[in-house]
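The structure appears right after this line, and notes come after that.
In this chain, numbering begins with 1 at the start of the sequence shown.
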Amino acid sequence: MTHSPATDGAASLRVSSARGRWTLLATVLGSSAVLLGSTVTNVALPHIGDDFGADLAVLQWTVNAYMLTLAGLILLGGSLGDRFGRRRIFVVGIVWFAAASLLCGLAPDATTLIAARALQGVGGALLTPGSLAIIEASFHPDDRPRAIGLWSGFGGIGAALGPFLGGWLVDGPGWRWTFLLSIVPALLCVPVALRHVPESVGTPPDAIFAAGAEVRRRLGFDVPGAVLGALALALATYALTEARHGGLVAVIAAVGGVVAGATFLAVERRSVDPMIPPAIFSSRQFSAVNLITLCVYAGTGGFFFLTALQLQIVVGYSALAAGAAMLPNTLLMLLFSSGSGVLAQRLGPRIPLTIGPLVCGAGMLMMLRVGPGASYLTDVLPALLVMGAGMVVMVAPLTVTLLSSVSASNAGLASGINNAAARAAGLVAVAALPLLVGMGPDAYRSDAAFDTSFSRAMPLCAGLVAIGASIAFGMLQRTAAASHRPHGRTHSWLMEPPLVSRFAHHQTID
């Protein structure tokens, strides 16, 4: 086994070749498994609660346990792949994700389901960064844009079909099959990846230790930072979720979350290889984009979580109908995100990142009309179309602006930080919104109680995205800047910004 020079010349696969197509298939299957795990769960939540006789906190943890480990460990997962082999960590992540999905589907009680969802997130954190990194490391530079575009486009189709398939399964064989569904692409992916995907690393392990602190710092292999970051998120989420019950445990969790967060910041400042180098936030535009991300993805995360429940509990939709109702958002992203990214490069970031969140907020306020007996064509669809239009205007420009705020060598790191921030924002929103609107433990069992809470929550979600718009207007530059943007021109993930590979130079292992 030999290491070739770290140049783009090592990336030689062509999309038209058999091995290139197999490699692309493996990355699409891996991404699809994670997308299914992310998108099908919301429509299954009422049925999970009914089967287990659980309260609202269990539904929150069913979503948040997954997002918690995924957000907390995704940067570490990317670093593991760069150090020990992207294919190796990608395959480990796929197998881990499939095993956790099986455990979710077989869970005998709510506690086991929540634990399995946390394990699912660990698997997702291992395989998600590697999916795009494999493409960038393996394909010839001339074919890389096409390969990434195909990967993104097929991923968009998976994102669109996820809620629809999930709803069909919930209404048919049952909610457990929404988790078992994720196993199918995972099982197909493993043999394809092992047989056809070339191995690649950012820097060989022996060279890492020989090069010393500078290389380790660039790789950001920071286990203490990852553990402390995940712990801070976990304690904060627990405190918010359990605060409605009060008690000493929730208070201790809140204090522990603050202490863990402060310790995380101290460790990152002093570490020779920080997962999140504090110096990267010296860019005003980078800091602004991440503040905007926290606001808008908190608002949209809360919106999608509650809307899937509102459509089933209050409007009376089946799980299939609720999943199908959300398709317009994904289709708009799939069709028009490329154009909005190009427009942002021409106009500059301030206009789209001010207008986009405000349009999203308008769609959220339009959802106040969606109550008992609401019409899909006159009430639900217009609100979701406006919401989707806002996402189109906002998401791709957010990525373009992020990547223009840092050097090309830091583009992958910046993207990973922004992706983790978006997931963490959604995690906190799902934990905090029910508490802020006075949603009781059994609110999802009463259409009247849930509708009242939903009507209080939508203005809060709209307020969050409006704060993001105000930050964009006040802190972002008016003119366009050169950007280091990914080659893919399509984006249709609603719940997080796209993740960019961390390195432009790779080493392949024969």
Side-chain angles (χ1 to χ4, degrees), residues 28-52 54 58-67 70 97-98 100-107 110 113-114 116-117 119-121 123-124 128 154-189 300-301 303-331 333-334 376 380 384 388 423 426 430 444 492-496:
V28 168
L29 288 171
S31 298
S32 297
V34 176
L35 281 170
L36 288 172
S38 301
T39 58
V40 304
T41 306
N42 281 358
V43 296
L45 290 176
H47 298 262
I48 292 173
D50 288 341
D51 271 10
F52 288 139
V58 169
L59 306 191
Q60 291 173 275
W61 278 114
T62 300
V63 174
N64 279 347
Y66 175 81
M67 291 199 292
L70 185 58
F97 191 90
S101 298
L102 178 62
L103 183 57
C104 287
L106 301 177
L113 175 62
I114 291 168
R117 285 286 284 168
L119 292 173
Q120 243 191 344
T128 298
F154 282 115
I157 294 172
L161 293 177
F164 183 83
L165 289 174
W168 176 69
L169 289 170
V170 170
D171 290 338
W175 63 265
R176 295 180 183 275
W177 286 90
T178 64
F179 296 109
L180 299 176
L181 175 66
S182 300
I183 301 175
V184 177
L187 292 178
L188 294 174
C189 177
T300 56
F303 171 84
F304 287 114
F305 171 70
L306 293 175
T307 296
L309 295 173
Q310 176 79 356
L311 292 177
Q312 295 180 76
I313 296 167
V314 177
V315 185
Y317 284 8
S318 65
L320 174 59
M326 308 298 286
L327 282 176
N329 300 75
T330 305
L331 293 177
M333 292 284 288
L334 185 62
Y376 181 74
V380 180
L384 293 178
R423 295 176 189 273
V430 171
Y444 78 96
S492 51
W493 286 263
L494 294 175
M495 297 312 300
E496 70 277 339

What is the distance from atom [atom1] of [X] to atom [atom2] of [Y], rounded to the nearest 0.5 Å?
X: Leu102; Y: Leu119; atom1: CG; atom2: CG; answer: 12.0 Å
X: Asn64; Y: Phe305; atom1: CG; atom2: CZ; answer: 7.5 Å
X: Leu45; Y: Asp50; atom1: CG; atom2: CG; answer: 11.0 Å
X: Met67; Y: Gln60; atom1: CE; atom2: CD; answer: 10.0 Å
X: Trp168; Y: Thr178; atom1: CH2; atom2: OG1; answer: 12.5 Å
X: Leu384; Y: Leu311; atom1: CG; atom2: CG; answer: 7.0 Å

Minimum-distance pair of heavy atoms, taken over all atoms of [X] and [Y]:
X: Ser101; Y: Gln120; result: OG-NE2, 2.8 Å
X: Leu180; Y: Gly105; result: CD2-CA, 4.1 Å
X: Val43; Y: Gly167; result: CG2-N, 3.8 Å
X: Ala322; Y: Gln312; result: CB-CG, 3.7 Å
X: Val58; Y: Ala110; result: CG1-CB, 3.7 Å
X: Arg176; Y: Leu106; result: NH1-C, 3.5 Å

Exercise. Over 60° means perpendicular and under 30° means parallel, so classify the ring planes of Tyr317 and Tyr376, tilted if in between.
Key: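 The rings of Tyr376 and Tyr317 sit tilted, inter-plane angle from 30° to 60°.
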
Quiz item: Do any N or O atoms from the side chain of Arg117 and from the backbone of Tyr66 form a donor-acceptor pair under 3.5 angstrom?
Solution: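 Not a single qualifying donor-acceptor pair exists.
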
Exercise. Measure from the side-chain N and O atoms of Asn42 to the backbone N and O of Ala308, and report whether any donor-acceptor pair falls under 3.5 Å.
Key: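 A pair under 3.5 Å: no.
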
Quiz item: Any side-chain heavy atom of Pro163 within less than 4.5 Å of one from Leu327?
Solution: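 Contact flag for Pro163/Leu327 side chains = no.
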
Exercise. Quick one: do Leu169 and Trp175 satisfy side-chain contact (heavy atoms from CB on, under 4.5 Å)? Show the steps, please.
Key: CA-CA 6 Å; Leu169 289 170; Trp175 63 265; over 6 Å; no

Quiz prompt | Worked verdict on Val314 versus Gln310 for side-chain contact (heavy atoms from CB on, under 4.5 Å) | solution = CA-CA 5 Å; Val314 177; Gln310 176 79 356; 3.2 Å; yes

Exercise. Using the side-chain contact (heavy atoms from CB on, under 4.5 Å) rule, take Tyr444 and Leu59 through it: C-alpha gap first, then chi angles, then the decisive distance, then the call.
Key: CA-CA 10 Å; Tyr444 78 96; Leu59 306 191; 3.9 Å; yes

